[in-house]
Undergrad: 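Can you keep this structure in mind? I'll have questions shortly.
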Amino acid sequence: MRRREFITLLGSAAAAWPLATHAQQMANLPAVGFLGAGSPATADVWLSAFMSRLRELGWIEGRNINVDVRWAEGRNDRSADIAAEFVRLKVDVIVTYSSEHTQIAKQATSTIPIVFALAADPVGSGLVANLARPGGNLTGLSAQNVDLTGKRFELLREIVPGLRRLAVLFNGNNPTATIEIDIVRTAASPLGIEVSPSAILGAEDIAPAIARIAKQADALFVVGEPLTFTHRTRINTLALAARLPTNYPTRGYVEVGGLMSYGPNFPASFRRAADYVHKILLGAKPGDLPVEQPTRYDLVINLTTAKALGLTIPESFLLRADEVIE
């Protein structure tokens, strides 16, 4: 070998050595698989809250932890593929949200810890045995969608006093949707309010569903979950065109034209999910960590939407709101 070739080869090897060492170091870091049930456009603020809290706890991406973020875009098949990939990669923790997508992750593994940042009814949907001692490999935070359904219905009646026909838009694959529909029916029946459920399975079902709803309802109650959240702008646009007041479980729907929402503060829940990950990476077992319930609930009203619908929101209602969007 010529001297110049030898020096070139030696230099290339020397340059490659730190890269290989860095790659090996990265492979040895704790790994978190973040299964985003929606899309970056709809849930990036939640991911940001999660990552921010991790940094506060001392976990720095690329330095002492790897966070692999994948998005299912509201599709169950995509979510199943991502969960299977995380299992193949042997991540240390899987983080996700929604009862539906958490159930998919649970079906993929019974050993890797799973933290759900939001789940409508963790016990009723079979995710955990009970809130105090979840058991198994899952823990996290309840979104209390089911528990708050009655309250959401009452708040809607306050600002739509002539309500006689209520449509409920829901994802037909959502296991807790029927529970919410039953609660709405139970509350509406004594008041003589007719409840009409309308299922969707994909984005292509939204326009036909709202076209039907517009002919038979005075307002629209939307069951919160990744599919409806991912397509919330489309739902709001169609509902507003049909002059339908809308009721949602979280602020994200209202900031893009929904009328009102009442429910937990989701970014706060994702910050708490980071606390669970922290504890698990330090050795805690998920089954020993109690499922938490939200500590902060927000009532949000979009006054611009109310005016477009011709609704006059009582001053007393506006004073109770945590946020009024104008």
Undergrad: Not counting sequence neighbours, which residues clear ring-ring contact (aromatic ring centres under 6.0 Å, His included) with Phe270? List them please.
TA: Trp46, Tyr97

Undergrad: Would you say Ile181 and Arg185 make side-chain contact, with heavy atoms under 4.5 Å?
TA: yes

Undergrad: Under a 3.5 Å distance rule, please check whether Asn64 uses its side chain to pair with a backbone N or O of Gly58 as donor and acceptor.
TA: yes

Undergrad: So, are Asp288 and Lys285 salt-bridged, with charged N and O less than 4.0 Å apart?
TA: no

Undergrad: So which pairs with a foot in residues 122-131 pass side-chain hydrogen bond (donor to acceptor under 3.5 Å, both in side chains), sequence neighbours left out?
TA: none

Undergrad: Apply side chain to side chain donor-acceptor pair (under 3.5 Å) to residues His101 and Ser79 and explain how you reach the verdict.
TA: CA-CA 7 Å; His101 292 264; Ser79 186; 3.0 Å; yes

Undergrad: Please list all pairs meeting salt bridge (Lys or Arg N to Asp or Glu O under 4.0 Å) that have one or both residues in residues 216-227, counting only residues at least two apart or in different chains.
TA: Arg165-Asp218

Undergrad: Just by modelled atom types, is the Gly263 backbone N or O under 3.5 Å from a matching donor or acceptor in the Arg152 side chain?
TA: no

Undergrad: Given side chains that start at C-beta, do those of Thr237 and Ile235 come closer than 4.5 Å, heavy atoms only?
TA: no

Undergrad: When you measure from the side chain of Asp44 to the backbone N and O of Ala41, does any donor-acceptor pair fall under 3.5 Å?
TA: no

Undergrad: Does the Thr102 side chain pair with the main chain of Phe116, one donor and one acceptor, at a distance under 3.5 Å?
TA: no

Undergrad: Within the side chain of Asp68, is there an N or O that forms a donor-acceptor pair under 3.5 Å with the backbone of Phe86?
TA: no

Undergrad: Could Glu158 and Arg320 be called an ion pair, given the rule that one side-chain N must be under 4.0 Å from one carboxylate O?
TA: yes

Undergrad: Quick one about Tyr248 and Asn236 (side-chain donor to acceptor, distance below 3.5 Å, no hydrogens or angles considered), yes or no?
TA: yes

Undergrad: Taking 4.0 angstrom as the limit, do Arg88 and Glu85 come out as a salt bridge?
TA: yes

Undergrad: When you measure from the side chain of Thr228 to the backbone of Gly224, do you find a donor-acceptor pair of N or O atoms at a distance under 3.5 Å?
TA: no

Undergrad: Same hydrophobic cluster for Tyr253 and Ile210, using side-chain heavy-atom links shorter than 4.5 Å among ILVMFWY?
TA: yes

Undergrad: Please report the closest heavy-atom contact between Ala274 and Leu57, naming both atoms and the distance.
TA: O-CD1, 3.8 Å

Undergrad: Can you name the closest pair of heavy atoms from Leu138 and Leu127 and give their distance?
TA: CD2-O, 4.0 Å

Undergrad: Do any N or O atoms from the side chain of Tyr276 and from the backbone of Gly140 form a donor-acceptor pair under 3.5 angstrom?
TA: yes

Undergrad: Hey, does the side chain of Asp121 reach the backbone of Val146 with a donor-acceptor pair shorter than 3.5 angstrom?
TA: no

Undergrad: Is there a side-chain contact between Ile325 and Glu255, using heavy atoms and a 4.5 Å cut-off?
TA: yes

Undergrad: Looking at every non-hydrogen atom in both residues, tell me the closest pair between Gly202 and Leu227 and how far apart they are.
TA: N-CD2, 3.9 Å

Undergrad: Side chains of Asn174 and Thr176: is there a donor and an acceptor less than 3.5 Å apart?
TA: yes

Undergrad: Which atom names give the shortest non-hydrogen contact between Ile82 and Ala72, and what distance separates them?
TA: CD1-N, 3.9 Å

Undergrad: Do Ile60 and Leu281 share a hydrophobic cluster (ILVMFWY, side-chain heavy atoms under 4.5 Å, transitive)?
TA: no

Undergrad: Looking at every heavy atom in both Leu148 and Pro264, which two are closest together, and how far apart are they?
TA: CD1-CD, 3.9 Å

Undergrad: Evaluate the side-chain contact (heavy atoms from CB on, under 4.5 Å) criterion for residues Val160 and Asn247: first the C-alpha distance (whole Å), next the side-chain angles of each, then the deciding distance (0.1 Å), finally the verdict.
TA: CA-CA 11 Å; Val160 188; Asn247 178 287; over 6 Å; no

Undergrad: Linking I/L/V/M/F/W/Y whenever their side-chain heavy atoms sit closer than 4.5 Å, directly or via other members, would Leu240 and Ile301 fall into one cluster?
TA: yes

Undergrad: Measure up the Phe34 and Phe50 rings against each other and bin them: parallel (under 30°), tilted (30 to 60°), perpendicular (over 60°).
TA: tilted

Undergrad: Could you tell me if the side chain of Pro40 sits less than 4.5 Å from the side chain of Glu73, heavy atoms only?
TA: yes

Undergrad: Is the shortest side-chain N to carboxylate O distance from Glu61 to Arg55 below 4.0 Å?
TA: no

Undergrad: Please confirm whether the backbone N or O of Val32 pairs with a side-chain atom of Asp92, one donor and one acceptor, at under 3.5 Å?
TA: no

Undergrad: Are any of the side-chain heavy atoms of Met260 and Ile159 separated by less than 4.5 Å?
TA: yes

Undergrad: How close do Arg243 and Ala308 get, heavy atom to heavy atom, and via which atoms?
TA: NH1-O, 3.2 Å

Undergrad: Could you see if Val256 belongs to whatever hydrophobic cluster contains Leu309? Use Ile, Leu, Val, Met, Phe, Trp, Tyr and a side-chain cutoff under 4.5 Å.
TA: no

Undergrad: Please determine if Arg251 forms a cation-pi arrangement with Phe266, meaning its NZ or CZ atom is less than 6.0 Å from the six-membered ring centre and no more than 45° off the ring axis.
TA: no

Undergrad: Would you say Ser99's side chain and Ala120's backbone share a donor-acceptor pair under 3.5 angstrom?
TA: yes

Undergrad: Please determine if Glu292 and Arg272 form a salt bridge, counting it only when a charged side-chain N lies under 4.0 Å from a carboxylate O.
TA: yes

